[in-house]
Amino acid sequence: QVQLVESGGGVVQAGGSLRLSCATSGRTFSTYSMGWFRQAPGKEREFVGTIATNGGTVYYASSVRGRFTISRDNTKNTAYLQMNSLRPEDTAVYYCAAAIGMYVSAASYNYWGQGTQVTVSS
């Protein structure tokens, strides 16, 4: 069992930055690929990006590529989502998730955090 806890959300003006963290329990963090998703009100959960177990490979959704950066620190059992040049359309609840393998589909992830709200004001 893996427990995930996101933190770092908040309210920021357009053009600003936030860094989300995803802290995990247990000693198996390094065996999971980590994904980030977001869900805006009335919309389906959307893939943001995913990072391989060793951090060597990262994939991003086209909507965030060049603005968001995913990283991980296996010594701290934590994954990160650095968000720069934020836009109002980035407003959503952001979730981290863990899976064996890298996937775009939310259905492929085994474990989820509770989510953290990010609001970008114009």
Side-chain angles (χ1 to χ4, degrees):
Q1 188 75 10
V2 177
Q3 293 183 323
L4 310 177
V5 179
E6 300 98 337
S7 61
V11 180
V12 64
Q13 287 189 332
S17 298
L18 281 175
R19 188 176 83 154
L20 306 184
S21 298
C22 175
T24 69
S25 64
R27 295 178 289 180
T28 59
F29 176 74
S30 62
T31 66
Y32 289 93
S33 295
M34 299 299 296
W36 287 93
F37 291 79
R38 65 186 182 184
Q39 189 166 18
K43 294 188 176 181
E44 293 187 353
R45 194 162 295 190
E46 176 189 17
F47 172 76
V48 173
T50 181
I51 186 167
T53 54
N54 64 359
T57 302
V58 187
Y59 293 119
Y60 297 97
S62 58
S63 58
V64 306
R65 192 175 297 122
R67 300 187 298 122
F68 291 11
T69 302
I70 297 173
S71 61
R72 65 189 296 159
D73 185 340
N74 286 349
T75 66
K76 296 182 178 180
N77 293 340
T78 301
Y80 304 96
L81 177 63
Q82 176 68 44
M83 304 184 293
N84 299 328
S85 302
L86 282 161
R87 305 167 179 167
E89 54 263 40
D90 294 318
T91 295
V93 176
Y94 283 72
Y95 299 88
C96 64
I100 302 298
M102 302 178 70
Y103 304 101
V104 173
S105 172
S108 298
Y109 287 79
N110 308 97
Y111 304 102
W112 290 84
Q114 83 289 351
T116 186
Q117 177 70 47
V118 171
T119 302
V120 184
S121 61
S122 57

Checklist entry - With hydrophobic residues grouped by side-chain heavy-atom distances under 4.5 Å, do V48 and W112 end up in a single group? => result no
Next on the checklist: Show the nearest heavy-atom pair for residues G113 and Y95, with the distance to one decimal.
Outcome noted: O-CD2, 3.6 Å
Checklist entry - With hydrophobic residues grouped by side-chain heavy-atom distances under 4.5 Å, do I100 and I51 end up in a single group? => result yes
Checklist entry - Would you say R19's side chain and G8's backbone share a donor-acceptor pair under 3.5 angstrom? => result no
Next on the checklist: Tell me the closest heavy-atom pair linking M34 and Y109, and the distance in Å.
Outcome noted: C-CE2, 4.4 Å
Item to check | Which atom of R72 lies closest to which atom of N74, heavy atoms considered | outcome: NE-OD1, 2.8 Å
Checklist entry - Just by distance, do the side chain of Q114 and the backbone of E6 share a donor-acceptor pair under 3.5 Å? => result yes
Side-chain donor-acceptor pairs under 3.5 Å in residues 54-66, sequence neighbours left out?
from	atom 1	to	atom 2	distance (Å)
N54	OD1	G56	N	2.8
Y60	OH	I70	N	2.9
R65	NH2	Y60	O	2.7

Checklist entry - Which value, rounded to the nearest 0.5 Å, describes the distance between R45 atom CZ and R38 atom CZ? => result 13.0 Å
Checklist entry - In chain order, what residues pass the side chain to side chain donor-acceptor pair (under 3.5 Å) check against Q117, with sequence neighbours excluded? => result T119
Checklist entry - Does V120 offer a backbone N or O that forms a donor-acceptor pair with the side chain of T91 under 3.5 Å? => result yes
Checklist entry - Parallel, tilted or perpendicular: which fits the ring planes of F47 and F37, with parallel below 30° and perpendicular above 60°? => result perpendicular
Checklist outcome for this item: For W36 and A79 the tightest heavy-atom approach is CZ2-O, 3.9 Å
Checklist entry - Who pairs with E89 by salt bridge (charged side-chain N to carboxylate O under 4.0 Å, His left out), at least two apart in sequence or on another chain? => result none
Checklist entry - Where is the tightest heavy-atom contact between S25 and V2, given as atom of each residue plus distance? => result OG-C, 4.2 Å
Checklist entry - Under 3.5 Å, is there a donor-acceptor pair between the side chain of T24 and the main chain of N77? => result yes
Checklist entry - Does one hydrophobic cluster hold both L20 and Y80, with members joined at side-chain heavy-atom distances below 4.5 Å? => result no
Checklist outcome for this item: d(S122 OG, Q13 CD) to nearest 0.5 Å is 9.5 Å
Item to check | S17 and N84: CA distance, side-chain angles, deciding distance, side chain to side chain contact (heavy atoms under 4.5 Å, CB included) verdict | outcome: CA-CA 4 Å; S17 298; N84 299 328; 2.9 Å; yes
Checklist entry - For the residue pair V118 and M83, what are the closest heavy atoms and their distance? => result CG2-CE, 3.8 Å
Item to check | Audit row: Y103, S33, side chain to side chain contact (heavy atoms under 4.5 Å, CB included) steps and yes/no | outcome: CA-CA 9 Å; Y103 304 101; S33 295; over 6 Å; no
Checklist entry - Taking the six-membered ring for Trp, are Y32 and Y111 parallel (under 30°), tilted (30 to 60°) or perpendicular (over 60°)? => result perpendicular
